[in-house]
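Throughout, numbering of the chain's residues begins at 1 and tracks the sequence.
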Amino acid sequence: MFETFCQTLHSQRPFISVEITPPHGASMTPILEAIDASGIAGKIAGFSVTDNPLAKLKMSAILSAIKVQERFGKPVIATMSMRDRNKLSLQSSLLGANDFDIRLILALTGDPAKLSDQPEVKGVLERDSTLLLSIIYRLNNGVDYSGKTLTPPPKPIYPFAVSNAYAKDMKQLMKRMVKKLDYGARAIITQPVFDLDNARKLLEIFQEAKTKSIRETAKEAELILGQFPFVRARTATFIADKVPGIAVPKALIDEMDLAAMDGEEKEREVGFRLSKRIFDEIMALHPKVHLMTHNRFDLCSRLIAS
């Protein structure tokens, strides 16, 4: 399963992963049932599970990943946020996850603790996501962060990192990609991309980043383009105005606003048509896509199938 996932990612074949946000509650069952009903599991390479996004309380990403992987037999990328763990906790979680065959790890710095819905939460944040990448690098060499031999050593861990999709200075974005590749990232997932020019630029700077990295693994690293299909005008506007590192074309927002004037049904119809066009164009350009939909698995399934 793990090997097939990695082979697909590093081949010319289409690769699609779908993001899952765990519940604010003590059961994954409703989410598992929604995935089952959508039929999405049979259409994709694997899933990812978020880790308390926006510092809001959710079920454990690693434990949720275990449930999803066991239920659907698809590899799951477990997100780990630096905000909530020190290097002792990070290593402990990685070793435990490894025994359950959760070996795809997305390293994140994490959203600020001040955004949390829990009172007086304080972030740990010993360092940014490169600390987790460096820990994984050591674990893959059979030692812990202090250099002590692990007995038995963990099975290979495949590290992912993230990148903004847009910056005023794209060269700075490229430098951050180089840094993550230097620390051992094997694949980088971008924030959502909404037009082909943006996608082409990301691919261009990623190729340059690979040539500048000191790490041998960078030569085969992959860029996975984020996609956020939407069916509401307010969603498109929120992403454009409130989410940093993303560029949403004004023409797209205008088209959604006009559709919303003619009612919710028209708004959904136009939103899906635009999302489908973007998805198809990105897949034709670079068939490595990560879908983020706030658990709208039915929408993902329609996007892929239609």
Side-chain angles (χ1 to χ4, degrees), residues 16-21 48 50-56 77 79 81 83 106-112 115 128-129 160-180 185 187-206 208-209 222-257 259-260 267 270-283 285-296 299-300 303:
I16 302 171
S17 55
V18 170
E19 184 177 274
I20 299 169
T21 300
S48 76
T50 60
D51 184 19
N52 294 328
L54 297 177
K56 303 295 193 292
I77 306 165
T79 304
S81 167
R83 177 195 59 234
L106 175 58
L108 278 185
T109 300
D111 299 306
L115 300 176
D128 63 19
S129 60
F160 290 76
V162 296
S163 170
N164 284 346
Y166 176 79
K168 289 182 179 179
D169 183 354
M170 295 296 276
K171 287 292 184 183
Q172 288 301 315
L173 196 61
M174 185 267 292
K175 288 179 181 178
R176 290 195 286 272
M177 288 180 175
V178 172
K179 183 178 180 181
K180 292 176 180 183
I188 293 179
I189 301 173
T190 74
Q191 286 271 49
V193 178
F194 291 96
D195 71 83
L196 276 180
D197 287 342
N198 189 182
R200 290 190 186 100
K201 187 62 179 177
L202 284 168
L203 290 167
E204 176 188 321
I205 65 171
F206 184 70
E208 185 175 353
E222 294 287 348
L223 188 69
I224 304 169
L225 296 172
Q227 293 276 273
F228 193 104
F230 52 82
V231 292
R232 301 300 300 269
R234 66 186 182 190
T235 305
T237 301
F238 178 85
I239 292 170
D241 292 345
K242 303 295 184 182
V243 184
I246 300 174
V248 183
K250 187 175 183 304
L252 187 149
I253 295 171
D254 289 344
E255 192 165 351
M256 285 301 299
D257 284 342
E267 184 181 17
V270 171
F272 181 79
R273 175 172 55 78
L274 291 172
S275 296
K276 176 62 175 170
R277 187 198 74 205
I278 295 166
F279 175 79
D280 287 345
E281 288 177 348
I282 296 295
M283 286 295 290
L285 174 69
H286 180 72
K288 311 292 178 186
V289 165
H290 181 64
L291 291 170
M292 315 169 198
T293 62
H294 293 314
N295 294 348
R296 285 293 309 275
L299 179 58
C300 290
L303 203 67

Undergrad: For a side-chain contact (heavy atoms from CB on, under 4.5 Å) check, start with the C-alpha distance between Leu291 and Leu303, then their side-chain angles and the critical distance, and finish with the verdict.
TA: CA-CA 10 Å; Leu291 291 170; Leu303 203 67; 3.8 Å; yes
Undergrad: Would Thr109 and Arg83 satisfy side-chain contact (heavy atoms from CB on, under 4.5 Å), going step by step from the backbone distance to the final call?
TA: CA-CA 6 Å; Thr109 300; Arg83 177 195 59 234; over 6 Å; no
Undergrad: Hey, are Asp128 and Lys179 close enough for a salt bridge, meaning a charged N less than 4.0 Å from a carboxylate O?
TA: yes
Undergrad: Could you pull out the closest heavy-atom pair between Ile205 and Met174, with the gap in Å?
TA: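 Residues Ile205 and Met174, closest heavy atoms: O-CG, 3.3 Å.
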Undergrad: Look at the rings of His294 and Phe228 and say which category their plane angle falls in: under 30° parallel, 30 to 60° tilted, over 60° perpendicular.
TA: perpendicular
Undergrad: Any side-chain heavy atom of Lys288 sitting closer than 4.5 Å to one from Ile16?
TA: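 Result no, sub-4.5 Å side-chain heavy-atom pair not found.
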Undergrad: Taking 4.0 angstrom as the limit, do Asp197 and Lys201 come out as a salt bridge?
TA: no
Undergrad: Look up atom CG in Leu106 and atom OG1 in Thr79, then write down how far apart they are to the nearest 0.5 Å.
TA: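 Reported to 0.5 Å precision, the distance equals 4.0 Å.
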Undergrad: Got a second to check how far Ile239's CD1 is from Arg234's CZ, nearest 0.5 Å?
TA: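 Reported to 0.5 Å precision, the distance equals 12.5 Å.
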Undergrad: Let's go through Glu19 and Thr293 carefully: what are the C-alpha distance in whole Å and the side-chain angles of both, what is the deciding distance for side-chain contact (heavy atoms from CB on, under 4.5 Å) to 0.1 Å, and is it a yes or a no?
TA: CA-CA 7 Å; Glu19 184 177 274; Thr293 62; over 6 Å; no
Undergrad: Where do Gln191 and Gly245 come nearest, in terms of heavy atoms and distance?
TA: CB-O, 4.0 Å
Undergrad: Is there side-chain contact between Leu108 and Val162, with heavy atoms separated by less than 4.5 Å?
TA: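 The answer is yes; the side chains approach within 4.5 Å.
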Undergrad: For Leu173 versus Ala165, what's the shortest heavy-atom pair and its separation?
TA: CD2-C, 4.3 Å
Undergrad: Please examine the side chains of Phe160 and Ile188, heavy atoms only from C-beta on, and report whether any two atoms are closer than 4.5 Å.
TA: no
Undergrad: Taking the side chain as C-beta and beyond, is there a heavy-atom pair between Leu196 and Leu285 under 4.5 Å?
TA: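 Yes, their side chains come closer than 4.5 Å.
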Undergrad: Just wondering, more than 12 heavy atoms not from Arg273 lying within 6.0 Å of its CZ?
TA: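 Yes, the 6.0 Å shell around CZ holds more than 12 heavy atoms from other groups.
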Undergrad: How long is the gap from NE2 on His290 to CG on Leu225, to the nearest 0.5 Å?
TA: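 Nearest 0.5 Å value for the NE2-CG distance: 11.5 Å.
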Undergrad: Would you say NZ of Lys175 has more than 12 non-hydrogen atoms from neighbouring residues, nucleotides or ligands within 6.0 angstrom?
TA: no
Undergrad: Answer whether the closest heavy-atom distance between the side chains of Phe194 and Ile278 falls below 4.5 Å.
TA: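 A side-chain contact under 4.5 Å exists here.
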Undergrad: For Leu274 and Leu252: C-alpha separation, side-chain torsions, deciding distance, then whether side-chain contact (heavy atoms from CB on, under 4.5 Å) applies.
TA: CA-CA 8 Å; Leu274 291 172; Leu252 187 149; 4.3 Å; yes
Undergrad: For Pro229 and Ser275, which heavy atoms make the closest approach, and how far apart are they?
TA: CA-OG, 3.4 Å
Undergrad: Would you compute the distance between atom CD of Glu267 and atom CG of Asp257 and round it to the nearest 0.5 angstrom?
TA: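 One gets 8.5 Å once the value is rounded to the nearest 0.5 Å.
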Undergrad: Identify the two heavy atoms, one from Ala55 and one from Asp111, that lie closest to each other, and give their separation to 0.1 Å.
TA: N-CB, 4.2 Å
Undergrad: Could you check whether any side-chain N or O of Thr190 sits under 3.5 Å from a backbone N or O of Gly226, counting only pairs where one atom can act as donor and the other as acceptor?
TA: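 At least one qualifying donor-acceptor pair exists.
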Undergrad: Has Asp51 got a side-chain atom pairing as donor or acceptor with Ser81's backbone, closer than 3.5 angstrom?
TA: yes
Undergrad: Ignoring hydrogens, what is the shortest heavy-atom contact between Ile246 and Tyr166? Give both atom names and the distance.
TA: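 Taking every non-hydrogen atom into account, C-CB, 4.3 Å.
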Undergrad: In Å, rounded to the nearest 0.5 Å, how long is the span from CE of Met256 to OG1 of Thr235?
TA: 7.5 Å
Undergrad: Would you say Ser48 and Val18 make side-chain contact, with heavy atoms under 4.5 Å?
TA: no
Undergrad: Just so I know, are the side chains of Ile224 and Val289 near enough to count as touching, which here means a heavy-atom distance under 4.5 Å?
TA: no
Undergrad: Do Arg200 and Leu203 touch side chain to side chain, with heavy atoms closer than 4.5 Å?
TA: no
Undergrad: Would you compute the distance between atom CE of Met283 and atom CD of Gln227 and round it to the nearest 0.5 angstrom?
TA: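 Between atom CE of Met283 and atom CD of Gln227 there are 9.0 Å.
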